[in-house]
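To start, I am sharing the structure in question, which I have written as structure tokens.
Please read all numbers here as calculations on a predicted model, not as lab measurements.
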Amino acid sequence: MKPKPKTKNEKSRLKLLHQYYSYTGFYKFVWQAVKKALPYIIAIVIAIYAVNYFFDINKALVKLTEVLPVYGVLLFFFVSETLLGLVPPEIFIAWSGKMNQPWIYLSILAVLSYIGGLLSYWIGRSATKIPSVHRYLEVKMEKQLKNSKKWGGFLIIVGALLPLPFSMACIAAGIIKFPFKNVVLYGSLRLLRFVIYGLIIFNVF
């Protein structure tokens, strides 16, 4: 069947949304943020690639889940999801699939990831209390912070659903002082991501 053409209302909504993002400077803000972060992202990718060339990181992490007791794996995962979240959660999801009750362990991982993200938010809030950080944010980053607060929900949703560190998104939300109740709400989509990954990795379909 051919997909239904977009209605006039849908087109007008998209047009209005595009106009809003253009008017508020959302596109410019995203581009500036990406441009500033790009050198660091490239450096991190190169560093990870270099380390992975000599040491198979994924293999080492998988081995770690086999050596550690259950509580050790869960603790390691929780610390990772709270502090930057650089360890891919898919490794732990695959680990849960090997357990006797995979969905129970997957649920525990999902909750730990969610709670870790909420703790990361408060790490970000605490960082703003450091005098040097506070001065930098209030003086040099005033305009960027103002724009960030408009789209803090988008930041959390992207971090929760996409293969990006959820912890970093929550730390950023804490730094810009995005309302915590909204972080709790939007961050709950993190649970959905684990369900989707579980359905795929456990070969439910």
Task: Minimum heavy-atom distance between F92 and L109, given as atom pair plus value - done: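 Heavy atoms of F92 and L109 come nearest at O-CD1, 3.3 Å.
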Task: Backbone N/O of V184 and side chain of Y114: donor-acceptor pair under 3.5 Å - done: yes
Task: Distance in Å, L189 CG paired with L161 CG, rounded so as to fall on 0.5 Å steps - done: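 Reported value, rounded in 0.5 Å steps: 5.0 Å.
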TODO: Working to the nearest 0.5 Å, report the span between OG of S80 and CD1 of I91.
DONE: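 It is 9.0 Å, given to the nearest 0.5 Å.
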Task: Considering all heavy atoms, the nearest L112-F78 contact - done: O-CD1, 3.5 Å
TODO: Just jot down the side chain to side chain donor-acceptor pair (under 3.5 Å) partners of R125, sequence neighbours excluded, or say none.
DONE: Y121
TODO: Take F77 and W95 through the ring pair (Phe, Tyr, Trp, His ring centres under 6.0 Å) test and state the conclusion after the steps.
DONE: CA-CA 11 Å; F77 174 74; W95 164 82; 8.8 Å; no
Task: Residue pairs, two or more places apart or on separate chains, that pass side-chain hydrogen bond (donor to acceptor under 3.5 Å, both in side chains) and touch residues 159-170 - done: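 Residue pairs with at least one partner in residues 159-170: S120-S167.
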- [ ] Supply the atom-to-atom distance L83 CG to L119 CG, rounded to the nearest 0.5 angstrom.
- [x] 9.5 Å
Open item on the list: With side chain to side chain contact (heavy atoms under 4.5 Å, CB included) as the criterion, how do L75 and Y71 come out once you've worked through the C-alpha distance, each side chain's angles and the decisive distance to 0.1 Å?
Closed with: CA-CA 6 Å; L75 179 61; Y71 68 86; 5.7 Å; no
Open item on the list: On a heavy-atom basis, which atom in V70 and which in M99 lie closest, and how many Å separate them?
Closed with: CG2-CE, 3.6 Å
Open item on the list: Tell me whether I123 shares a hydrophobic cluster with Y186, the cluster being built from Ile, Leu, Val, Met, Phe, Trp, Tyr side chains joined at under 4.5 Å.
Closed with: no
Open item on the list: Distance to the ring centre below 6.0 angstrom and angle to the axis at most 45 degrees; does that hold for R190 and F194?
Closed with: no
- [ ] Return yes if some donor-acceptor pair links the side-chain N/O of S113 with the main-chain N/O of A110 below 3.5 Å, else return no.
- [x]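 Side chain of S113 to backbone of A110: no pair is present.
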- [ ] For I156 and F166, work out which heavy atoms get closest and say how close.
- [x]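 Closest pair (atom of I156, atom of F166, distance): O-CE1, 4.2 Å.
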- [ ] Spell out, yes or no, whether V195 and Y105 are grouped together once hydrophobic residues are joined by side-chain heavy atoms under 4.5 Å, including indirect joins.
- [x]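 They do share one cluster, since a chain of ILVMFWY contacts under 4.5 Å joins V195 to Y105.
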Task: Flag, side chain of S126 to backbone of W122, donor-acceptor distance under 3.5 Å - done: yes
Task: Among I104, I108, L106, side chain to side chain contact (heavy atoms under 4.5 Å, CB included) partner for S96 - done: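 The side chain to side chain contact (heavy atoms under 4.5 Å, CB included) with S96 is passed solely by L106 among I104, I108, L106.
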Open item on the list: Would you say that F180 contacts L118 through its side chain, given a criterion of any heavy-atom pair below 4.5 Å between the two side chains?
Closed with: yes
